[in-house]
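Each remark here refers to the structure printed beneath this line.
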Amino acid sequence: MTNSLRTPSRNDLEAGAPPVTPTIADVDLIRVEGGARLNGEVAVVGAKNSALKLMAAALLAPGRTVITNVPRITDIAIMAEVLRRLGCQVEITPDEVPAGRQGPPPSVVVNIDVPDEPGTEADYDLVRRLRASIAVLGPLLARRGYVRVAHPGGDAIGSRGLDMHVAGLARMGAEISGEHGFVIASAPQGLQGATIWLDFPSVGATENLVMAAVLAKGSTEIDNAAREPEIVDICSMLIAMGAKIEGVGTSTLRVEGVEALSPVRHATVGDRIVAGTWAFGAAMTRGDVLVNGVDPAFLDIALDKLVSAGGVVEPEKTGFRVRMDDRPKAVDVVTLPFPGFATDLLPMAIGLASVSDGASLVTENIFDGRFMFVNEMARLGADIKTDGHHAVVRGRERLSSAPVRATDIRAGAGLVIAALCADGITEISHVHHIDRGYPDFVGDLSALGVEVQRAAAPEDPQFSF
Ligand code: EPU
């Protein structure tokens, strides 16, 4: 692992800013002053949820694959380690700094040298830290005919099954078993094309199945496939590698297996969830933010909600701009697979509702544990009642600062944004979760006019850049 770059999270105490004394020993935290309006310009780099899978897709071709516009976040360092343990050489170098930005680049270039015969095992010590490691299942089964990947289990947002990954691979002729916490798949004669109907358009299952199908014998059809922009990005890279895929961006993917793929250079698609976080932040704080690096079409429904709430959203050459002049009006939100409202923006929808004029009904349809973080929002004074997968949120003019705890990536970012609407100073602890999805979150907040400081926990030398 190269040490030429460091995780931004550990080094964000602004030069000259007074030191923050953590209230909880050894816990990293962000301290923000409420009342700020987000104003200015922010550059969003590649999507975590695409880059991680693009790295797994590199396993499909021996040789050097180069992925650019990769976010400089902890999860990427973990995925690099997963690949190294599979015998790949992975080098991470700084990417270009977006125009007008100070400091280290928020993105990196990942160079992956894949051997002729990559390894076949991903251990629990890494998989438990990075659920997305499961994305090596399809590519390794396709390349090696055998794979043993630790079962990632559930996490803070829900139970997170793997049944659709497994059932789809079984349809393609794999024998699959579960033993001692591992998913073991083998297809000694190679995978066979098949027709697969997914019960639900699972992002992870669609990715694993398409990555398995590109090297299978014959044709595969995946029905009710996920169609998130990140899936489109992965399919685009696979096509550039020589894969034959039709229906990209629709819910039916048709794949004609090929003998072999070649390595490529590919730029990661912009992160719509990070972009959406800034869009909601602008609306909640009655600010004005130009978000660069993401196509607003990826956020159609979310941005339309902001317009219904009274905001002004304008497409720009390099992204889009969001402005909110008055207190937002309450809007209802329902999360659904793309092109529906993204579940990863649910904490931001709850945040918006918490400060809106009126009552909002927010419905979560993807993860059973997404509402866990509303207890932290309640500590900030938000008026939220949940019942199953619904939450009724009665907006307040202002929230009230209190120490709160980030429980996952998106809840963490949502709490920081909500804290901007509180009176006084809020400390959000366990913000290492935010580092998993947002490169230099503190730097971006600061550039948008927020008084913000970061106190660091000791760095984990195993997973720093
Ligand atoms: N599911 C099953 N069985 C399966 C697969 C999924 O029951 O075989 C269930 C899950 O338990 C969940 C739902 O289906 O309740 C959706 O799961 P999906 O497979 O679509 O999600 P994922 O691939 O596990 C990715 C993102 C998530 C994002 C979701 C939905 C990555 C690494 N993660 O997860 O991102 O919320 O799609 O869009 O791509 C995040 O970035 O913070 C994050 C959680």
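The first residue of the sequence shown is numbered 1, and numbering continues consecutively from there. As a basis for the values below, the full set of heavy atoms in this structure was taken, side chains included, without hydrogen atoms, waters or symmetry mates. One-based numbering, in listed order, for ligands and for the atoms of each.
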Determine whether the side chain, the backbone, both or neither of [X] has a heavy atom under 4.0 Å from any heavy atom of ligand 1.
| X | answer |
| --- | --- |
| R436 | neither |
| E230 | neither |
| R410 | side chain |

(request) Please check if any side-chain donor atom of T252 sits under 3.5 Å from a side-chain acceptor atom of E221, or the reverse. (result) no
(request) Identify which of N49, N365, I157 has a heavy atom lying nearest to atom 26 (C) of ligand 1. (result) N49
(message) Please state which option from T343, I409, I366 has its nearest heavy atom closest to atom 15 (O) of ligand 1.
(response) I366
(request) Please say whether D163 places an N or O atom under 3.5 Å from an N or O atom belonging to ligand 1. (result) yes
(message) So for ligand 1, is F200 a polar contact partner (N or O within less than 3.5 Å, distance only)?
(response) no
(request) May I ask you to decide if I350's main-chain N or O and S354's side chain share a donor-acceptor pair within less than 3.5 Å? (result) yes
(message) Tell me if a side-chain donor or acceptor on R254 pairs with a main-chain N or O of G247 at a distance below 3.5 Å.
(response) no
Show which atoms of ligand 1 fall inside a sub-4.0 Å distance from at least one heavy-atom site of [X].
| X | result |
| --- | --- |
| A132 | 32 (C) |
| R370 | 36 (O) |
| K48 | 40 (C), 41 (O) |

Closest non-hydrogen protein atom to [atom], residue and atom name please, with distance?
| atom | value |
| --- | --- |
| atom 36 (O) of ligand 1 | D344 OD1, 2.7 Å |
| atom 18 (P) of ligand 1 | V203 N, 3.6 Å |
| atom 34 (O) of ligand 1 | R160 NH2, 3.1 Å |

(message) Name the residue from V44, D344, V294 that meets the side-chain contact (heavy atoms from CB on, under 4.5 Å) definition with R272.
(response) V294
